[in-house]
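Values below: all heavy atoms of this structure, side chains included; hydrogens, waters and symmetry mates excluded. In what follows, chains are A, B, ... by sequence order, proteins preceding strands, each numbered from 1.
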Number of protein chains: 2
Amino acid sequence: MESVNIKKLAQLLNLSIATVSKALRDSYDISQETKDKVMKLAKELNYQPNPHASFLRKHSSKTIAVILPEIANNYFTLAINGIESEAHEKGYHVIIYLSHEDHEREVAFTRHLQSGRADGVLISVASTTTDYSHLHDLEKKGLPIVFFDRVCEDFNTVKVTTDDYQSGYLATKHLIEQGCKRIAHLAISTSLSIGSNRAKGYLQALQNHDVMSGESFLIECVNDNVQDTELIKDLLLHIKPDGIFAAVERYAIICYELCEAMQLNIPKDVKIISFSNMQTASLLNPPLSTITQPAFEIGREAASLLLKKLEKKNFQLPNETIVIQSKLIPRKSTAN
Amino acid sequence: MESVNIKKLAQLLNLSIATVSKALRDSYDISQETKDKVMKLAKELNYQPNPHASFLRKHSSKTIAVILPEIANNYFTLAINGIESEAHEKGYHVIIYLSHEDHEREVAFTRHLQSGRADGVLISVASTTTDYSHLHDLEKKGLPIVFFDRVCEDFNTVKVTTDDYQSGYLATKHLIEQGCKRIAHLAISTSLSIGSNRAKGYLQALQNHDVMSGESFLIECVNDNVQDTELIKDLLLHIKPDGIFAAVERYAIICYELCEAMQLNIPKDVKIISFSNMQTASLLNPPLSTITQPAFEIGREAASLLLKKLEKKNFQLPNETIVIQSKLIPRKSTAN
DNA sequence: TTGAAAGCGCTAACAG
DNA sequence: CTGTTAGCGCTTTCAA
């Protein structure tokens, strides 16, 4: 219970607290001899400086906060891996906040973060977030923010994403090339950057390739499996698309389940391609064509920039979007 | 940058710091009138108490640490969800540490945690951990520890697991009932509680049902996809089992990949069942029979007990193992 | 090269 | 009911 602190080290060594403190941080004006003695005892007693106390002086908690919509999703899981690897390498700690796509929760988290618990924030915004004032408040407090994946353009900071528009375009083009004539897009909330960009890519591809003459089947899904299943069932029953481009993995899974239930053959009756980082995409029946995002790299890059900002005080986060490309991997679900 | 603190509130209200502090915590000996005034201004200015400062007095950081082997795994993802839901409900923050199955990293994390950064620890130990002194050190410092999934019996605390032995037994029995005569077990490190219990269940089922007359094909996998692939390839080529019970999802995925490459038909040539929380188990080709663990519940229960310990000072974590049952879900991969 | 002392923001004992 | 004061563990002038 009684932990070793600087005071105890000082007592044991017959030194002042100040000297010990300076020795521990390898200060220039402490003799090597003293430093050695201090270091030795610190190691022996496994002294760990109290981060809360040091925060009070330095206003740095060596902690970053990560706010995510969800975690049961391979994309975010990989992103966290990237974030964690970068953070721990630099001696930072990572607090996780899950908004569960709920704006209120996101607001509560950001509000709390004004307390100084973390030095900076990585965020992928909830799909229900349309008002960004909670983040502007954080920004005003001087907390560095880096957006990843679901970004918001009107912040003067770095955003790290993949090429959503281009990928949406290519996914749709791929379906066209595989002979689809009635292509639907299962979109994620178009108030999200990724939702709107993926949908734009879809629409542009239809137009450029002169498919469906100005028509489009764009279904904006919500954040509920039951409702989304209804929406997609309706689509399959009434619009009867021969190609589906799903903006996120979850929609593709629903499609697979529905196709099985409705005895629709993938890819014969309907071809499916989806943004996805599922490990088992190639083992599905049939193997799912995917746009695979560089999730780990996106997380790592976002974390790396945030940490750079925290460590170097005269480094400013540039107001730009860093784009790391996704890869289209065609599999049987879109075979001709 | 300049954050609102108690001092500022006090100045603005012409009250003492102590009064404001007490008013904020709704203390009995402050008049309702004063409380209202304080609360109102606090809300207006969005006052957030500094957790580091309050730690220094109260020795409570309202933070728990979660140490996990990995995160790109549906089991742990769900467990985190359970932990997070419980923690945030009680106003606690969750720091994530990923050991990546590396004992050294685990030790480094636990060592750091002696600093007071977190009030308690939830841990699922790395497969390379055989020496538990780093955790005993933490325990000595008075940090409550709760084990989940990969537990260690010789700590005087709560462990939350699933019925690994029983599930291993049932999985093997299931293969036997489906007609398998040569059943292999792909075990995770048997120095882990889960590894050893699942393997014991396997062996006991073979014995009880008098299959393979005392023989067994128990392959202890390592923590590397390439090496594991070699091990399993060897198994399929030389031992030619007609049934495989995989201790973790990753091994089952390797089996699927190898069977495809080697043109082995699942379930005709070899039947496969695996511990797994994969969302897409039923969409695989063929659908994978699983033992599905109550991962969310395990995480939640573990967190709930830890938090109870942190909140109620005369509650002691009981020295027992809480078992939440898994469910065997037969699918085509073990069909007869 | 070392030490004394102030103070980060907050809480809690005690006094008024 | 409100305020004064000391101190949590640490860093950082400033003085010796």
Side-chain angles (χ1 to χ4, degrees), chain A residues 1-39 42 45-63 112-119 141-142, chain B residues 1-39 41-42 45-63 112-119 141-142 313:
Chain A
M1 211 50 143
E2 20 46 82
S3 56
V4 297
N5 52 25
I6 267 196
K7 203 176 182 176
K8 193 162 187 180
L9 292 182
Q11 277 170 359
L12 290 171
L13 291 166
N14 258 321
L15 286 170
S16 76
I17 290 176
T19 305
V20 174
S21 172
K22 279 182 260 185
L24 286 169
R25 27 199 57 252
D26 203 19
S27 158
Y28 282 119
D29 50 37
I30 299 291
S31 72
Q32 193 55 49
E33 197 190 356
T34 306
K35 279 186 197 169
D36 290 346
K37 274 199 308 195
V38 172
M39 292 299 198
L45 300 187
N46 191 17
Y47 166 73
Q48 298 291 336
N50 184 304
H52 306 290
S54 92
F55 170 88
L56 238 47
R57 292 304 315 244
K58 305 202 299 180
H59 284 268
S60 142
S61 63
K62 284 276 185 183
T63 304
H112 178 90
L113 286 173
Q114 309 212 2
S115 69
R117 187 175 284 274
D119 301 338
K141 288 269 173 172
Chain B
M1 213 50 146
E2 21 46 81
S3 56
V4 297
N5 52 22
I6 267 197
K7 202 175 182 180
K8 193 163 187 178
L9 292 181
Q11 277 170 357
L12 290 171
L13 292 165
N14 258 321
L15 286 169
S16 76
I17 289 177
T19 306
V20 174
S21 173
K22 278 183 261 184
L24 287 170
R25 29 198 55 252
D26 203 18
S27 158
Y28 282 117
D29 50 35
I30 298 291
S31 71
Q32 193 56 48
E33 196 190 357
T34 306
K35 278 187 197 169
D36 290 346
K37 273 199 308 191
V38 172
M39 292 297 197
L41 187 66
L45 300 187
N46 191 16
Y47 166 74
Q48 297 292 336
N50 185 304
H52 306 290
S54 91
F55 169 88
L56 236 48
R57 290 306 316 245
K58 306 201 298 179
H59 284 269
S60 143
S61 63
K62 284 275 186 185
T63 304
H112 178 90
L113 286 172
Q114 309 211 2
S115 69
R117 188 175 284 273
D119 301 338
K141 288 269 171 170
K313 54 173 164 263

task: Test side chain to side chain contact (heavy atoms under 4.5 Å, CB included) on B/Ser21 and B/Leu24 and set out the steps.
output: CA-CA 5 Å; B/Ser21 173; B/Leu24 287 170; 5.7 Å; no

query: Does a nitrogen or oxygen in the side chain of B/Ser16 sit under 4.0 Å from OP1 or OP2 of D/dT4?
result: no

Positional range of nucleotides in DNA chain C within the contact set of chain A, heavy-atom, under 4.0 Å: C/dT1 to C/dG9

message: Any heavy-atom pair between the side chains of B/Ser54 and B/Pro49 that's under 4.5 Å?
response: no

field: Protein-nucleotide distance (B/Ile17, atom CD1; D/dA6, atom P), rounded to Å
entry: 14 Å

task: Name the closest nucleotide to the A/Lys22 side chain, picking from D/dT11, D/dT2, D/dT13.
output: D/dT13

- prompt: So, A/Gln48 and A/Asn46: side-chain donor and acceptor under 3.5 Å apart, yes or no?
  reply: yes

query: If you look at every strand shown and take non-hydrogen atoms under 4.0 Å, does A/Ser31 touch a base, only sugar-phosphate, or nothing?
result: sugar-phosphate

Qualifying residue for side chain to side chain contact (heavy atoms under 4.5 Å, CB included) with B/Tyr47, from B/Ile6, B/Leu41, B/Val20, B/Val38: B/Ile6

- prompt: Do the side-chain N or O atoms of A/Ser21 get closer than 4.0 angstrom to the phosphate oxygens (OP1, OP2) of D/dC10?
  reply: no

task: Evaluate the side chain to side chain contact (heavy atoms under 4.5 Å, CB included) criterion for residues B/Arg117 and A/Thr63: first the C-alpha distance (whole Å), next the side-chain angles of each, then the deciding distance (0.1 Å), finally the verdict.
output: CA-CA 10 Å; B/Arg117 188 175 284 273; A/Thr63 304; 2.8 Å; yes

- request: Start with the C-alpha gap between B/Thr34 and B/Thr19, add the side-chain angles, then the distance that decides, and say whether side chain to side chain contact (heavy atoms under 4.5 Å, CB included) holds.
  value: CA-CA 9 Å; B/Thr34 306; B/Thr19 306; 4.1 Å; yes

Grab the N/O contacts between the protein and nucleotides 7-9 of chain D below 3.5 Å, and write none if there aren't any.
| unit_1 | atom_1 | unit_2 | atom_2 | d |
| --- | --- | --- | --- | --- |
| D/dG7 | N2 | B/Arg57 | NE | 3.4 |
| D/dG7 | N2 | B/Arg57 | NH1 | 2.7 |
| D/dG7 | N3 | B/Arg57 | NH1 | 3.3 |
| D/dG9 | N2 | A/Ala53 | O | 3.0 |

message: To the nearest 10°, give me the bend of the helix from C/dT1-D/dA16 to C/dG16-D/dC1, comparing the axes of its five terminal pairs at either end.
response: 40°

query: Under 3.5 Å, side chain of B/Ser27 to main-chain N/O of B/Ile30, donor-acceptor pair present?
result: no

- prompt: Got a second to check how far A/Met39's CE is from A/Gln32's CD, nearest 0.5 Å?
  reply: 8.5 Å

- request: Quick one: do B/Leu9 and B/Leu45 satisfy side chain to side chain contact (heavy atoms under 4.5 Å, CB included)? Show the steps, please.
  value: CA-CA 9 Å; B/Leu9 292 181; B/Leu45 300 187; 4.0 Å; yes

- prompt: Looking at B/Asp119 and B/Lys62, does any basic side-chain N land under 4.0 Å from a carboxylate oxygen?
  reply: no

statement: Comparing nearest nucleotides in DNA chain D, the 5'-proximal residue of the pair B/Ile30, A/Gln48 is B/Ile30

- request: For A/His52 and B/Gly116, indicate whether the former's side chain and the latter's backbone hold a donor-acceptor pair under 3.5 Å.
  value: yes

